[in-house]
2 protein chains.
Amino acid sequence: MKDNNDMPGHLARRFQQIAVAVFLAEVEDAGFDLTPVQYAALATIKANPGLDQVTLAGLIAYDRTTITGVIDRLVQKGLAERRASSRDRRARELVITDEGRRTLRKITPAVESAQRIMLRGLSAKEGEELMRLLRKAIAAGNDLSRAPLRDIQA
Amino acid sequence: MKDNNDMPGHLARRFQQIAVAVFLAEVEDAGFDLTPVQYAALATIKANPGLDQVTLAGLIAYDRTTITGVIDRLVQKGLAERRASSRDRRARELVITDEGRRTLRKITPAVESAQRIMLRGLSAKEGEELMRLLRKAIAAGNDLSRAPLRDIQA
DNA sequence: CGATATTGATCAGTATGCTGACGATCAGTA
DNA sequence: TACTGATCGTCAGCATACTGATCAATATCG
């Protein structure tokens with residue numbers, strides 16, 4: 001039987017498990033309570049004010065059904081707001097609040113520290129190579145998940 | 001602001017997302033209904049008959065609270081059994097059933113196919129390198145998650 | 001031996017993620 | 001314009017994962 005350590009799927013799960021744990025620990029040390037998913041959503045809302053939920057989902061490769069709950073929690077924490085769109089009454093426009101902006105700014109060092117810690121076993125060169133290979137594998141498999149990454153179309 | 005594609009945490013999440021989707025699709029095509037976690041647990045039970053749940057958790061780096069539900073479902077599907085341990089009345093000994101063995105055997109091609117598909121964007125050499133780097137990063141971060149990998153101690 | 005600490009399994013609660021479905025709305029077309 | 005199909009957001013249901021707690025049983029040590 002193949003060893004777990006020869007299975008990319010197992011290694012993927014394990015690495016992600018560590019990445020999430022490191023992220024949460026660093027963020028909590030900084031005095032905040034924000035998950036990796038919530039952070040990514042908030043940062044993307046800030047960079048694309050007024051975008052709708054489906055577009056947000058595409059930009060960070062979430063399933064659109066997952067977004068609902070994530071936004072719920074961002075709104076509940078006062079970091080983002082959901083507004084009715086004037087152009088499309090089905091859609092909700094997402095905007096970051098002032099507190100969301102403040103939180104993002106203050107949390108950034110912890111987030112960057114987390115990225116370093118999860119690569120601490122690798123040299124800088126190896127870390128770069130790992131990211132390159134992950135990007136390449138992800139690009140080839142993008143459409144294999146229900147929540148592919150999608151650019152904003154103009 | 002840093003791009004998502006420069007964040008190992010984001011790449012980890014995305015790669016794992018694809019890995020799970022590929023696994024489930026291949027296994028379903030083969031006519032089975034088994035998640036990656038259930039597969040890993042079942043294979044580990046087969047390789048270590050009579051092990052208890054905490055040991056199983058350590059061997060595949062699960063949280064022990066997650067194991068309970070996973071085993072519940074394996075038992076419910078008739079693939080594994082939970083038996084009272086004679087040596088330690090707190091512990092449950094896990095064993096694979098004949099049907100579990102049959103399922104494992106028949107599902108193996110699909111599992112191996114899934115591992116290939118999730119690396120299809122990479123050359124064989126790159127795939128090996130990706131796995132090497134993941135193993136190295138994971139080893140360095142093993143104790144950072146609540147569910148570290150643990151060997152069986154004799 | 002007995003008090004204390006530890007361990008195995010489970011539970012409640014919360015947060016991703018997925019499938020499949022739904023109602024409301026919009027877009028394209030006959 | 002009326003019909004058809006697609007899209008946006010949400011929901012119910014299920015399966016990982018985690019935190020923190022509890023109960024029963026075992027280990028350890030004075």
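Every chain is numbered from 1 and lettered A, B, ... according to where its sequence line falls, protein lines coming before strand lines.
The 5' end of DNA chain D is approached more closely, in terms of each residue's nearest nucleotide, by A:T68 than by the other of B:V37 and A:T68. Heavy-atom distances to DNA chain C give each of B:D52 and A:Q16 a nearest nucleotide, and the one nearer the 5′ end belongs to B:D52. Residues A:Q17 and A:I67 both approach DNA chain D. Their nearest nucleotides, taken by heavy-atom distance, put A:I67 toward the 5′ side.
Judged by distance alone, the side chains of B:R14 and A:N142 do bring a donor and an acceptor atom under 3.5 Å apart. A:T97 and A:E81 share no donor-acceptor pair across their side chains, judged by distance under 3.5 Å alone.
On a pure distance criterion of 3.5 Å, a polar donor-acceptor pair joins the side chain of B:R90 and the base of C:dT7.
At least one donor-acceptor pair under 3.5 Å links the side chain of B:R120 to the backbone N or O of A:A140. At least one donor-acceptor pair under 3.5 Å links the side chain of A:E126 to the backbone N or O of A:S123. In terms of modelled atom types and a separation under 3.5 Å, the side chain of A:Y39 and the main chain of A:L104 share no donor-acceptor contact.
Rounded to an integer number of Å, the gap from A:D72 CG to C:dT14 P is 14 Å. Atom NE2 in B:H10 sits about 15 Å away from atom C1' in C:dG17, given to the nearest Å. The distance between atom CZ of A:R64 and atom P of C:dC22, rounded to the nearest whole Å, is 14 Å. Taking atom CD of residue A:Q76 and atom P of nucleotide C:dT14, one finds them 10 Å apart after rounding to whole Å. Counting to the nearest Å, the P atom of C:dA15 and the CD atom of A:Q38 are 7 Å from each other. Put simply, CG on B:D88 is 13 Å from P on C:dT10, counting in whole angstrom units. Atom CD1 in B:I18 sits roughly 14 Å away from atom C1' in C:dG17 (whole-Å rounding). Straight-line distance from the CG atom of B:D63 to the P atom of C:dG13: 18 Å, rounded to whole Å.
When DNA chain D is scanned 5' to 3' for any atom under 4.0 Å from a heavy atom of chain B, the first and last hits are D:dA15 to D:dT26.
Across all strands shown, A:S85 has no heavy atoms under 4.0 Å from either base or sugar-phosphate atoms. A:T66 comes within contact range of at least one nucleobase, with a heavy-atom separation under 4.0 Å.
Put simply, the residue from A:R64, A:R92, A:R82 that forms a side chain to side chain donor-acceptor pair (under 3.5 Å) with A:Q53 is A:R82.
Across B:Y62 and B:A41, no two heavy atoms sit closer than the pair OH-N, 3.9 Å.
Under the 4.0 Å criterion applied to side-chain N and carboxylate O atoms, B:K125 and B:E128 are not assigned as salt-bridge partners.
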Taking Watson-Crick and G-U wobble pairs with both distances under 3.5 Å, convert DNA chain C into its dot-bracket string, 5' to 3', dots for unpaired and | for cross-strand pairs. ||||||||||||||||||||||||||||||
B:D52 and B:E93: CA distance, side-chain angles, deciding distance, side chain to side chain contact (heavy atoms under 4.5 Å, CB included) verdict: CA-CA 5 Å; B:D52 64 278; B:E93 291 178 355; 5.9 Å; no
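For A:E28, the side-chain contact (heavy atoms from CB on, under 4.5 Å) criterion is met by no residue, not counting sequence neighbours.
Phosphate contact (OP1/OP2 of C:dC26, side-chain N/O of A:R87, threshold under 4.0 Å): absent.
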